[in-house]
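Just below is one structure, and these are the notes that go with it.
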Amino acid sequence: MISETSSSSNFIRHIISQDIKDNKHNGKVITRFPPEPNGYLHIGHAKSICLNFGMAIEYKGSCNLRFDDTNPEKESIEFMHSIEQDIAWLGFNWSYKYHSSDYFEQLFEYAIELIKQGNAYVDSLSAEQIREYRGTLTEAGKESPDRNRSIEENLSLFAAMRQGEFTDGHYVLRAKIDMASPNINMRDPALYRIKRVHHQRTGDDWCIYPMYDFTHCISDAIEGITHSLCTLEFEIHRPLYDWVLEKLQTTTQPQQIEFARLQLEYTVVSKRKLAQLVNENFVNGWDDPRMPTIAGLRRAGYTPASIRDFCERIGITKKDSWIEMGVLENCIREDLNDNAHRAMAVLHPLRIVIENYPNDQEEILEVSNHPQKPELGTRKIPFSQVILIEKDDFAENPPAKYKRLVEGGEVRLRSAYVIKCNKIIKTEDGKIIELRCSYDANTLGKKPEGRKVKGVIHWVSEHHAVNAEIRLYDRLFTIANPESKDDFLTVVNPDSLQTLTHCKVEASLGNAKASQRFQFERTGYFCVDAVDSKADKLVFNRTVTLRDTWS
Ligand code: ATP
Ligand code: MG
């Protein structure tokens with residue numbers, strides 16, 4: 001899958017290269033990323049961001065951020081802030097920041113021009129009637145009785161619409177194209193509707209708002225966009241995009257090019273659906289680490305580089321395809337394997353008393369932060385008589401080939417000594433509470449003499465260890481394609497979050513900073529939760545397991 005869609009198959013790159021050779025758009029490359037500020041950005045948007053900003057960087061052009069803010073009732077300043085933060089975090093800088101609402105006046109003037117040309121009219125059909133008149137894929141639509149209203153009357157009605165003389169929905173402005181067009185988008189699409197909603201930027205200045213199809217192409221033209229890159233569902237809107245610009249003879253003629261949306265298994269990439277998960281409390285906010293939002297991925301411990309790498313690996317094609325979650329996870333796993341400091345954390349502690357180790361002694365072991373990268377330095381790990389190991393690194397009745405600790409058996413403690421289990425201490429009802437062990441003082445950084453010890457386990461010194469809460473995340477949905485369900489909320493995974501409140505982590509992690517990432521030896525990759533972790537209560541999120549246990 002990766003080789004098929006690698007960067008070399010980026011067909012948009014080919015188009016742009018050719019355009020530059022042909023001196024189309026005067027050899028310039030100006031792109032834009034145009035989110036609607038009605039939610040947080042998700043991993044699908046990252047694909048579009050990497051493409052739009054990436055092409056601008058590659059061809060020494062520029063890329064604008066444009067908030068497509070023409071549906072005020074669902075949009076907010078909070079969403080705008082989060083979008084800016086996420087793009088910057090991904091590592092991109094926009095040349096200019098614009099809003100579709102910056103162009104409301106110009107758009108209004110352009111609409112008047114279309115009316116004057118006889119290419120737009122004010123229609124009194126209701127929304128329902130418009131739907132009825134529109135026809136179907138196999139049947140031509142019907143012309144509205146208002147279609148041949150005079151230009152003068154259209155002009156004065158449109159002005160009155162703006163002045164607020166009609167109730168919401170009473171009139172719409174429609175393009176006059178072709179009610180028999182095989183492309184339903186060309187059957188006199190609406191350009192403006194009356195809607196009394198407060199706009200976060202223009203306040204109550206407007207009671208009419210332009211539709212997406214009218215706004216987008218003109219905004220592109222005003223900004224001098226050369227390549228307007230969007231997802232495939234806009235392909236059938238392209239004739240309308242071109243029609244508007246052709247009628248208005250704008251000074252620049254942007255070119256719309258469509259590519260396939262990112263579809264990622266076991267999650268949903270739609271702001272509307274993500275908003276539902278947030279609003280109905282299936283997750284704890286837009287930045288919940290289970291969310292495929294940029295904010296969620298960041299909080300889970302993803303790096304900007306890993307997300308850019310993912311976008312590069314999946315490539316850009318014209319064909320819809322589903323990407324396995326493992327592809328995204330591999331990107332962060334490889335990044336953290338290379339770059340994250342190692343540490344030891346015990347998620348389910350089992351107490352070990354080393355009976356032949358003096359109880360008033362402690363040793364400070366100097367351990368490297370990364371086995372292959374000495375430049376990442378070392379840290380100090382205290383060793384003492386009582387240590388904690390992972391419950392399942394001991395087995396009373398070991399299965400075949402079990403290499404960890406068993407009664408009477410030996411195991412190496414990572415970076416420390418070989419210990420032997422001599423006795424199991426249990427409660428009256430048979431629960432193991434402690435192991436009595438002995439250590440071989442000759443095995444620090446050395447193999448024991450005359451025998452082989454295969455297993456190596458991680459541990460922390462009980463007295464020095466720091467308490468931590470560790471959150472383990474699983475897929476947010478129980479099926480690969482939740483959107484195939486009538487109600488995607490019925491396939492939310494009820495066990496997607498497991499919170500472990502009695503974990504013990506090595507002393508050095510007491511100084512860990514918000515968002516700092518680690519490989520917990522043998523356990524996985526984790527990062528300090530940026531929201532809930534406090535100096536006196538450490539909280540870690542599992543970013544990803546050590547290996548791809550999913551496939
Ligand atoms: P959503 O359904 O999540 O709201 P959208 O397409 O309506 O998505 P916009 O805010 O309009 O979201 O999107 C901004 C840009 O991001 C658009 O150019 C859009 O095509 C692109 N985009 C959105 N979702 C994806 C995706 N899954 N894969 C690739 N690009 C996407
Ligand atoms: Mg949208």
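Along the sequence shown, residues are numbered consecutively beginning with 1.
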Worksheet item: Hey, do the aromatic rings of Tyr212 and Phe234 have their centres closer than 6.0 Å?
Response: yes
Worksheet item: According to the side-chain hydrogen bond (donor to acceptor under 3.5 Å, both in side chains) rule, which pairs have a member within residues 52-61, sequence neighbours left out?
Response: Arg13-Glu58, Ser17-Tyr59, Ser48-Asn52
Discussion item. Applying side chain to side chain contact (heavy atoms under 4.5 Å, CB included), can you list everything that pairs with Asn71, at least two apart in sequence or on another chain?
Written reply: Glu36, Glu73, Glu75, Arg193, Lys195
Discussion item. I'd like to check the side chain to side chain contact (heavy atoms under 4.5 Å, CB included) partners of Ile479; sequence neighbours left out, ordered by chain and number.
Written reply: Ser484, Lys485, Val491
Worksheet entry | Pairing of Glu334 and Arg313 as salt bridge, 4.0 angstrom limit | yes
Item to complete: Using the six-membered ring wherever Trp is involved, compare the ring planes of Tyr209 and Phe104 and label them parallel, tilted or perpendicular (cut-offs 30° and 60°).
Response: perpendicular
Fill in: Centroid-centroid distance, Tyr192 to Trp206, less than 6.0 Å
no
Fill in: Heavy-atom pair with the smallest gap, counting every atom of Gly326 and Asp548
CA-OD2, 4.3 Å
Item to complete: Check Val269 against Arg261 and note the closest heavy-atom contact, atom names and distance.
Response: O-NH2, 4.2 Å
Discussion item. Could you tell me if the side chain of Asp188 sits less than 4.5 Å from the side chain of Glu143, heavy atoms only?
Written reply: no
Worksheet item: With a 4.0 Å cut-off, would you call Arg299 and Asp288 a salt bridge?
Response: no
Discussion item. If the condition is ring-ring contact (aromatic ring centres under 6.0 Å, His included), which residues does Tyr96 pass it with, not counting sequence neighbours?
Written reply: Tyr98
Fill in: Whether over 12 other heavy atoms sit under 6.0 Å from Ile77 CD1
yes
Practice prompt. Applying ring-ring contact (aromatic ring centres under 6.0 Å, His included), name anything that partners His170, two or more places apart in sequence or on another chain.
Written response: Phe166
Fill in: Nearest heavy atoms of Asn64 and Trp94, plus distance in Å
C-CB, 4.2 Å
Item to complete: Would you name the heavy atoms of Asn493 and Thr478 that are closest together and state the gap between them?
Response: CA-CG2, 3.7 Å
Worksheet entry | Ring center gap for Phe526 and Phe540 short of 6.0 angstrom | no
Discussion item. Regarding His45 and Asp86, do their side chains bring together a donor and an acceptor under 3.5 Å, going by distance alone?
Written reply: no
Discussion item. Tell me every residue that passes side chain to side chain donor-acceptor pair (under 3.5 Å) with Asn481, counting only those two or more places apart in sequence or in another chain.
Written reply: none
Fill in: salt bridge (Lys or Arg N to Asp or Glu O under 4.0 Å) partners of Asp220, counting only residues at least two apart
Arg32, Arg66
Discussion item. If the condition is ring-ring contact (aromatic ring centres under 6.0 Å, His included), which residues does Tyr302 pass it with, not counting sequence neighbours?
Written reply: none
Practice prompt. Could you verify whether a donor N or O on one side chain and an acceptor N or O on the other, from Glu233 and Thr231, lie under 3.5 Å apart?
Written response: yes
Item to complete: Taking all non-hydrogen atoms of both residues into account, name the closest pair between Lys273 and Val268 and its distance.
Response: CB-CG2, 4.0 Å
Discussion item. Tell me if the aromatic rings of Phe11 and Phe259 count as close, with their centers under 6.0 Å from one another.
Written reply: no
Response to the item:
Note: Asp338 and His370 closest approach over all heavy atoms is O-NE2, 3.2 Å
Item to complete: Give me the ring orientation class for Phe79 and Trp286: parallel if the planes are under 30° apart, tilted from 30 to 60°, perpendicular past 60°.
Response: perpendicular
Item to complete: For the pair Asp102 and Arg201, find out whether any cationic side-chain nitrogen is under 4.0 Å from an anionic carboxylate oxygen.
Response: yes
Worksheet item: Pick from Thr543, Asn541, Val283, Asn284: which one makes a side-chain contact (heavy atoms from CB on, under 4.5 Å) with Pro289?
Response: Asn541
Worksheet item: Less than 4.5 Å apart, any side-chain heavy atom of Gln106 and any of Ile218?
Response: no
Discussion item. Please evaluate residues His25 and Gln255 with respect to the criterion side-chain hydrogen bond (donor to acceptor under 3.5 Å, both in side chains), reporting the C-alpha separation (whole Å), side-chain torsions for both, the decisive distance (0.1 Å), and the verdict.
Written reply: CA-CA 9 Å; His25 311 292; Gln255 155 188 12; 2.8 Å; yes
Worksheet item: Looking at residues at least two apart in the chain, or sitting in another chain, which of them share a ring-ring contact (aromatic ring centres under 6.0 Å, His included) with Tyr121?
Response: none
Worksheet item: Would you say the side chains of Glu78 and Tyr40 form a donor-acceptor pair under 3.5 Å?
Response: yes
Worksheet item: Is the closest basic N to carboxylate O distance between Arg475 and Glu329 below 4.0 Å?
Response: yes
Worksheet item: Residues two or more places apart in sequence or in another chain: which of them pass side chain to side chain contact (heavy atoms under 4.5 Å, CB included) with Thr267?
Response: Leu264, Pro292, Met325
Worksheet item: Mind checking what makes side chain to side chain donor-acceptor pair (under 3.5 Å) contact with Ser124, not counting sequence neighbours?
Response: Asp146
Worksheet entry | Contact list for residues 126-140, test salt bridge (charged side-chain N to carboxylate O under 4.0 Å, His left out), sequence neighbours left out | none
